[in-house]
Every structure is written in C-alpha cells, then in structure tokens.
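Within every chain, numbering begins at 1; the chains are lettered A, B, ... in the order of the sequence lines, protein sequences first and strands thereafter. No experiment lies behind these values; they were computed from the predicted model shown.
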There are 2 protein chains.
Amino acid sequence: MASPSPSQPRVTLPAVASEIHTAVADLVARDGQRYTPVRRALVEELEDTDQPLTIPELLTRRPGMAQSSAYRNLSVLESAGVVTRIVVGADEHARYELSEDLTEHHHHHLICEQCGTVDDFTVPPEVEDLVDRALGRAARRNRFLVTSHRLDLVGICARCR
Amino acid sequence: MASPSPSQPRVTLPAVASEIHTAVADLVARDGQRYTPVRRALVEELEDTDQPLTIPELLTRRPGMAQSSAYRNLSVLESAGVVTRIVVGADEHARYELSEDLTEHHHHHLICEQCGTVDDFTVPPEVEDLVDRALGRAARRNRFLVTSHRLDLVGICARCR
DNA sequence: ATTTATGCAAATCGTTTGCAAACCT
DNA sequence: AGGTTTGCAAACGATTTGCATAAAT
C-alpha cells in the first residue's frame with residue numbers, strides 16, 4: 001500500500017512509521033486514555049498490513065494477547081479516533097484499520113463476498129470532489145449532519161476469481 | 001384492483017401496489033420457492049414503508065409472526081432477489097428493504113448513528129454515472145468483479161438533531 | 001403421501017462485561 | 001496507595017437451527 005516516497009518524506013504528513021505512534025499517543029491522551037503495550041501492539045499490527053484486519057487475525061499475529069483485550073482496546077482506540085471499524089456482514093467479524101486521519105490516505109473498500117477480505121482503493125480527486133459535493137447537497141436537503149461516508153464495492157476479489 | 005385507492009398513489013412509479021406481488025411471485029418461483037403467506041406479509045410491510053426495517057420492527061407490525069419465520073423467510077427473499085439486507089453496525093439489527101430491481105428506484109442511504117434509522121436519498125444521474133465509471137475503472141484495475149456498490153452517509157438525521 | 005413451511009425452544013457465535021490480579025505513576 | 005489495564009470466564013444479544021406439527025401440492 002505504502003507508495004515508496006522518492007526522497008524526503010513531506011514534513012506536514014504525520015504518518016511515517018514511528019511517527020504514527022507519536023500521533024496515536026497524542027490522540028489517545030487527548031481522549032484521557034493511556035497508550036499501553038496492548039494498544040501499541042494493536043496499532044503496530046494495523047500499521048504492518050495493507051488490509052483491515054479482524055480480531056481473530058490480530059490475535060494470530062499476537063499470540064499472547066487476550067481476546068477481550070483486543071476487543072476492549074480496539075474500542076478505546078476507535079473512540080480516540082485512532083482506528084476505524086468496518087462492518088461488512090452481520091455475521092462476520094468486524095475489521096479494523098488505522099483511521100484516515102492518521103494515514104492521510106482517503107480510500108474506499110473492495111469487499112470480497114467470497115473470502116471476506118477487504119482491500120483499499122482510491123478514486124481520482126475530481127470524482128471524490130464531485131461525490132462530496134453531491135453528498136453534501138443531498139445531506140443538506142435532508143437536514144442530515146454528515147459524520148462520514150462510505151463508498152464500497154462488494155464483489156469477488158482477484159484471488160477468488 | 002381497478003378502483004382507486006383512498007389515498008392517491010403516484011401513478012408515475014413503475015412499481016405500483018399489487019404489481020409488486022406478481023413480480024415477487026415470479027422471482028420467488030424462479031428461485032424454486034413458494035410465495036407463502038408469511039413471505040407475502042413481509043413484502044407487504046416492506047412495501048408500506050419508506051425506510052428499511054429491522055426484524056423487531058416487522059414483528060411489531062405483524063404481531064402473529066414468529067421471529068424465526070421472519071429471519072428464515074427474509075433470508076429466502078434475499079436470495080431470491082426480492083429484498084436487500086442492510087447491515088449498519090455489528091451489534092444492531094440488520095435492516096431489510098425491497099430490492100432496487102423491484103422498486104426501480106436506485107438510491108443510497110442516510111444512516112443515523114443516533115437512532116439507527118435509515119433513510120433513502122438519491123444523487124443526480126450525472127453523478128451516479130461518473131461514480132459508476134470511476135468505480136468500474138477501480139474495479140478493473142484491481143481485477144475485482146463487482147456485484148454491487150454502496151454509497152452511504154453516516155451521521156445524525158433531521159429528527160435527532 | 002410427500003414435500004415444504006411454520007413455531008417453539010435450544011444452540012451458535014461475535015462481542016461485551018464482572019471480577020480479581022497485575023500495572024503504572 | 002489510587003486508579004487503570006489485563007486475562008479469564010461468564011453473560012449477552014442477534015441470528016440460526018433441530019425438531020415436531022401444520023399446510024400445500
């Protein structure tokens with residue numbers, strides 16, 4: 001996922017490797033919480049992958065971690081704005097990824113209905129802008145206060161075809 | 001049937017009242033299933049509302065219906081392409097609405113994170129086309145076979161503001 | 001008569017929570 | 001010490017399923 005930056009990382013971006021932990025620590029502190037080892041481990045795992053992960057997947061990668069700790073701390077991280085929870089189906093495991101605020105990478109999801117994995121994709125900024133404006137108008141027309149939007153594709157991924 | 005209903009329905013809509021049942025019966029039969037009273041009742045309730053409903057909501061409207069029948073038959077109706085299931089959050093009830101093929105009304109959702117209700121909205125056809133093309137390109141680039149897309153807004157609805 | 005649908009109650013499964021021990025400051 | 005986090009096991013809640021009865025073909 002991470003496109004190799006040609007030279008210097010832009011200083012304005014908060015999201016480069018270990019810098020993420022600083023930003024996360026800040027977000028967590030701002031929420032009156034601590035950045036504990038379990039929370040750090042969760043963030044590290046989410047940082048190391050390019051797809052949103054389920055809790056079972058996270059537990060596989062961190063064999064020592066208790067299931068309840070994963071649930072509890074992902075919930076803390078979510079309300080601190082560190083991670084985003086993605087709900088695909090009612091019966092499947094939810095998935096978590098680092099929030100767009102941290103990664104500075106606005107994207108959407110390719111949801112595979114066969115294997116359940118979720119991949120990221122982006123659309124050109126012009127499309128994104130047009131969609132945003134259209135959604136803004138629709139929201140205004142409905143007196144709806146927008147928190148976020150989701151634009152996902154559901155289908156069969158390359159690996160499952 | 002032929003006599004005008006007390007409250008005038010809009011004549012321009014392709015899918016009017018009883019016509020839906022014919023179409024549903026067809027879809028259900030095509031799937032090798034029967035159009036039973038419970039299934040008909042579910043379709044009638046979904047026809048009578050403008051928002052996707054949860055199973056508890058449906059059961060309230062049809063006090064005689066068994067919960068398991070609602071779950072089982074909505075699942076049948078879903079795989080016959082009659083209804084669409086909308087999953088909002090992992091812990092909330094899923095919601096059901098008549099499929100767009102039946103209503104001929106392509107739309108998106110305003111999901112209220114406060115009260116959980118879901119309303120429909122539409123965007124102009126030009127936007128819809130542009131989004132479709134952009135999504136098509138993104139899918140092709142990822143060798144992803146698209147089944148459907150979802151473009152929803154999450155936030156606070158007019159009633160909850 | 002055979003197949004399919006229904007209703008009830010029990011089972012399933014992702015997720016949450018109570019509680020006691022471990023941790024941090 | 002005082003408050004928080006952790007791990008375990010039990011609880012929860014939406015959804016599914018086994019089974020016996022009712023309905024449809």
Side-chain angles (χ1 to χ4, degrees), chain A residues 24-25 27-45 52-80 82-96 111 115-118, chain B residues 21 24-25 27-45 52-80 82-96 111 116-118:
Chain A
V24 171
L27 282 171
V28 170
R30 211 189 293 282
D31 208 47
Q33 303 278 357
R34 298 179 191 166
Y35 196 27
T36 69
V38 177
R39 290 166 195 174
R40 178 176 286 265
L42 289 167
V43 169
E44 277 169 11
E45 288 307 329
L53 299 180
T54 64
I55 281 176
E57 284 166 357
L58 285 164
L59 294 177
T60 303
R61 284 154 206 240
R62 292 282 167 153
M65 189 180 297
Q67 190 195 42
S68 63
S69 292
Y71 278 104
R72 243 187 301 227
N73 288 298
L74 284 169
S75 159
V76 169
L77 292 174
E78 189 192 10
S79 53
V82 175
V83 304
T84 304
R85 169 197 232 168
I86 303 166
V87 176
V88 179
D91 46 346
E92 302 158 55
H93 284 273
R95 288 176 180 271
Y96 294 85
I111 301 169
C115 66
T117 58
V118 177
Chain B
H21 289 292
V24 171
L27 282 172
V28 170
R30 212 189 294 283
D31 208 48
Q33 302 278 358
R34 298 178 192 165
Y35 196 28
T36 69
V38 176
R39 290 168 194 173
R40 178 175 286 264
L42 289 167
V43 169
E44 276 169 11
E45 288 308 329
L53 299 179
T54 63
I55 281 176
E57 284 165 358
L58 285 164
L59 293 177
T60 303
R61 284 154 206 241
R62 293 281 167 152
M65 190 180 297
Q67 190 195 43
S68 62
S69 292
Y71 277 105
R72 245 187 300 228
N73 288 298
L74 284 168
S75 159
V76 169
L77 292 173
E78 189 193 10
S79 52
V82 175
V83 304
T84 304
R85 169 197 233 167
I86 304 165
V87 176
V88 178
D91 46 345
E92 304 159 55
H93 284 274
R95 288 176 180 270
Y96 294 86
I111 300 170
T117 57
V118 176

Using only heavy-atom distances, decide whether a donor-acceptor pair under 3.5 angstrom links the side-chain of A:Arg95 to the base of C:dG14. no
With side chain to side chain contact (heavy atoms under 4.5 Å, CB included) as the test, would you mind laying out the steps for B:Leu53 and B:Arg61 before giving the verdict? CA-CA 10 Å; B:Leu53 299 179; B:Arg61 284 154 206 241; 3.9 Å; yes
Mind calculating the distance between CE (A:Met65) and P (D:dT5) to the nearest angstrom? 15 Å
Reckon B:Gln67 has a side-chain N or O less than 4.0 Å from the OP1 or OP2 of C:dA9? no
Picking from D:dC8, D:dT5, D:dT17, the nucleotide nearest the side-chain atoms of A:Arg72 would be D:dC8
Reckon A:Tyr71 has a side-chain N or O less than 4.0 Å from the OP1 or OP2 of C:dT16? no
Can you figure out which of D:dG7, C:dT6, D:dT5 approaches the side chain of A:Thr36 most closely? D:dT5
From NE2 of B:His93 across to C1' of D:dG13 the rounded distance in Å is 8 Å
Where A:Pro52 and A:Arg95 come nearest, the two heavy atoms and their spacing: O-NH1, 2.9 Å
Report yes or no: does B:Arg40 contribute a side-chain atom to a donor-acceptor pair with the main-chain N or O of B:Tyr35 at less than 3.5 Å? no
Does OP1 or OP2 of C:dA5 have a side-chain N or O of B:Arg39 closer than 4.0 Å? yes
Measuring to OP1 and OP2 of C:dT16, would you say a side-chain N or O of A:Ser75 lies under 4.0 angstrom away? no
Under the criterion side chain to side chain contact (heavy atoms under 4.5 Å, CB included), which of A:Val38, A:Leu77, A:Val28 is the partner of A:Val43? A:Leu77
If you compare every side-chain N and O of A:Ser69 against the phosphate oxygens of D:dG7 (OP1, OP2), does one of them come in below 4.0 Å? yes
Whether B:Asn73 contacts C:dA5 is assessed here as follows: a side-chain N or O lying under 4.0 Å from the phosphate OP1 or OP2. Is that the case? no
Would you kindly give the CD-to-P distance between A:Glu92 and C:dT15, to the nearest whole Å? 10 Å
If you look at every strand shown and take non-hydrogen atoms under 4.0 Å, does A:Ser68 touch a base, only sugar-phosphate, or nothing? base
B:Glu57 CD to D:dA14 C1': how many Å, rounded? 14 Å
Of B:Arg34 and B:Pro56, the one whose closest DNA chain D nucleotide lies more 5': B:Pro56
If I take atom CZ in residue A:Arg40 and atom P in nucleotide D:dT6, what distance separates them, rounded to the nearest angstrom? 13 Å
Rounded to the nearest angstrom, tell me the gap between atom CG in A:Leu74 and atom P in D:dT5. 14 Å
Rounded to whole angstrom units, what separation is found between the CD atom of A:Glu78 and the C1' atom of C:dT16? 14 Å
Nearest-angstrom distance from the residue atom CD1 of A:Ile55 to P of D:dG7: 13 Å
Mark yes or no for a side-chain to base donor-acceptor pair under 3.5 Å between A:Arg85 and C:dG14, with no hydrogen or angle criteria applied. no
Looking at B:Glu92 and B:Gly116, what are the two nearest heavy atoms and their distance? OE1-CA, 4.5 Å
